[in-house]
Q: 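Have a look at this one.
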Protein chains: 2
Amino acid sequence: MTADRIKEIALKHFASNGYEGASLADIATDVGIKKQSIYTHFKGKDELFLSLLDDVLARELAFVLDYLESHKDLAVDQLLYGFLIQYQDCYEKDDNTKFFLRVAFFPPTHLYEVIVKKGYHYLDTLDTMLIPLFEQAIANGTISKEVSSSAATVAFLAVLDGMFVELLFGGVERSMKRIEASWFVYWRGIKK
Amino acid sequence: MTADRIKEIALKHFASNGYEGASLADIATDVGIKKQSIYTHFKGKDELFLSLLDDVLARELAFVLDYLESHKDLAVDQLLYGFLIQYQDCYEKDDNTKFFLRVAFFPPTHLYEVIVKKGYHYLDTLDTMLIPLFEQAIANGTISKEVSSSAATVAFLAVLDGMFVELLFGGVERSMKRIEASWFVYWRGIKK
DNA sequence: AATGTCCTGACGAACGTTCGGAAGGGAGAG
DNA sequence: CTCTCCCTTCCGAACGTTCGTCAGGACATT
């Protein structure tokens, strides 16, 4: 399907050049068609972009859901640390996260409201999935009672964002170094 | 000086629309001149942009330097926490950080090398300023000997980035919440 | 015959940029 | 004091390019 190839290529372009920086002509060239042919599959640039945004958010959530489901029997520290590592590995070469972060932080102005709405939905879902984990670990005694579940969640998401930032800016090896340090301090800060 | 007014306005535009999204015509309109007049003061868009980048990095470093200098007699935990708070306060309404982050993470491709070079210089300087603080605190016994000074520094910069991210995406009140949680866990993780 | 896909060709709009000239003020000479 | 020259600042008009978009036709598949 050509529509899928367009999406695939467009994701790369949006991820590395942003909404304004990505041109339909360049995308079409990479696909191997003329830019006018894109209009056979999408109404225009906005529809292509928003369709990609939905895909990206869905994939992002699916990954988290899948990971938590398939590792739910792990100890909470291994689960969380593994989550960081897997997230990094999984998206090392993928443009999904790059697209996601770029759009989340610097959305094209005329699509601001739609994007923010979708973004918050993602964040809320993430929160809902993580909170019970921490509550259980606190009840278990694995995590100190001095630490609230919400503080642990918020701080963990901050560690995650810190990883993203370094992943984007400095690449994998710098990001790995940051994960090691952040996780070491983080776990030392919440464990019993 | 018109050049300064152009810079001032251009900073806003670059910060909120990115390199490609900011147009010289819009900037000129906000300044109250025609876009051609910009060429009296700058060779072109690139020179304006790079000139702004230098200013932004210099201001960013100056702020850190100034803060550390004027609070060097504080206890390390108050110093670091205060640093987070002050950074947030200082740049709440300022476009400096927004410009900085946007450019750092998503640089315009044709200026990539120049930007990355300047960016790493900033990071290195920051590192050089922070490391001795942690070394001293570890020697003091304020921070646990189990924590290396480099791990504490790297993790602290991650906390800082986490704050930036939330500052950009969610605004001040969400960022404040994140700082509270992150700092609580961070300090609990490195203290003796 | 109908449908879906890709093409050629062209559109107006916006982009960064260049050029030539009009205004204005300051400096120096008469 | 005035005239002239220079220099800075700004703008009108236009440049070539690229942008997203639309209309219409060719060709294949069904």
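In what follows, chains are A, B, ... by sequence order, proteins preceding strands, each numbered from 1.
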Q: Using a cut-off of less than 4.0 Å, is there contact between a side-chain N or O of A:H41 and OP1 or OP2 of C:dC6?
A: yes
Q: Are the aromatic ring centres of A:F49 and A:F42 under 6.0 angstrom apart?
A: no
Q: Going by distance alone, is a donor N or O of one side chain under 3.5 Å from an acceptor N or O of the other, for A:D77 and A:Y186?
A: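 Looking only at side-chain atoms, A:Y186 and A:D77 do not form any donor-acceptor pair under 3.5 Å.
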Q: Report yes if some heavy atom in the side chain of B:Y112 is under 4.5 Å from a heavy atom in the side chain of B:V116; otherwise report no.
A: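 Counting from C-beta outward, B:Y112 and B:V116 do come under 4.5 Å.
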Q: Under the criterion ring pair (Phe, Tyr, Trp, His ring centres under 6.0 Å), which of A:F106, A:F169, A:F99 is the partner of B:F106?
A: A:F106
Q: Within the structure, does a side-chain N or O atom of A:S37 lie under 4.0 Å from either OP1 or OP2 of C:dC7?
A: yes
Q: Once you round it to whole Å, what is the distance between P of C:dG9 and NZ of A:K35?
A: 14 Å
Q: To the nearest Å, give me how far apart CD (B:Q36) and C1' (C:dG21) are.
A: 13 Å
Q: Can you tell me the distance, in whole Å, between the CG atom of A:N17 and the P atom of D:dT18?
A: 15 Å
Q: How many Å lie between CG on B:D46 and C1' on C:dC15, as a whole number?
A: 14 Å
Q: How many whole angstroms separate atom CG of B:L24 from atom P of D:dC11?
A: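 B:L24 atom CG is separated from D:dC11 atom P by 14 Å.
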Q: For A:Y19 and for B:I33, locate the closest nucleotide of DNA chain D by heavy-atom distance; then report the residue assigned to the nucleotide nearer the 5' terminus.
A: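 Upstream on the strand: B:I33.
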Q: Would A:D161 and B:R178 pass as an ion pair if we require N to O under 4.0 Å?
A: yes
Q: Report the distance from atom CZ of A:F42 to atom C1' of C:dC6, rounded to the nearest whole Å.
A: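 Atom CZ in A:F42 sits about 15 Å away from atom C1' in C:dC6.
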Q: So what does B:A22 hit on the nucleic acid, given a heavy-atom distance under 4.0 Å: a base, only sugar-phosphate, or nothing?
A: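 Sugar-phosphate, no base atom in range.
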Q: Does C:dT5 have OP1 or OP2 under 4.0 Å away from a side-chain N or O of A:T2?
A: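 Checking C:dT5 against A:T2, no side-chain N or O comes under 4.0 Å of OP1 or OP2.
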Q: For B:K45 and D:dT18, what is the distance between atoms NZ and C1' respectively, to the nearest whole Å?
A: 13 Å
Q: Determine the contact category for A:S23: base if any of its heavy atoms lies under 4.0 Å from a base atom, sugar-phosphate if only primed atoms, P, OP1 or OP2 are that close, otherwise nothing.
A: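 Sugar-phosphate, no base atom in range.
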Q: Which whole-number value in Å describes the distance from B:Y39 OH to D:dT8 C1'?
A: 19 Å
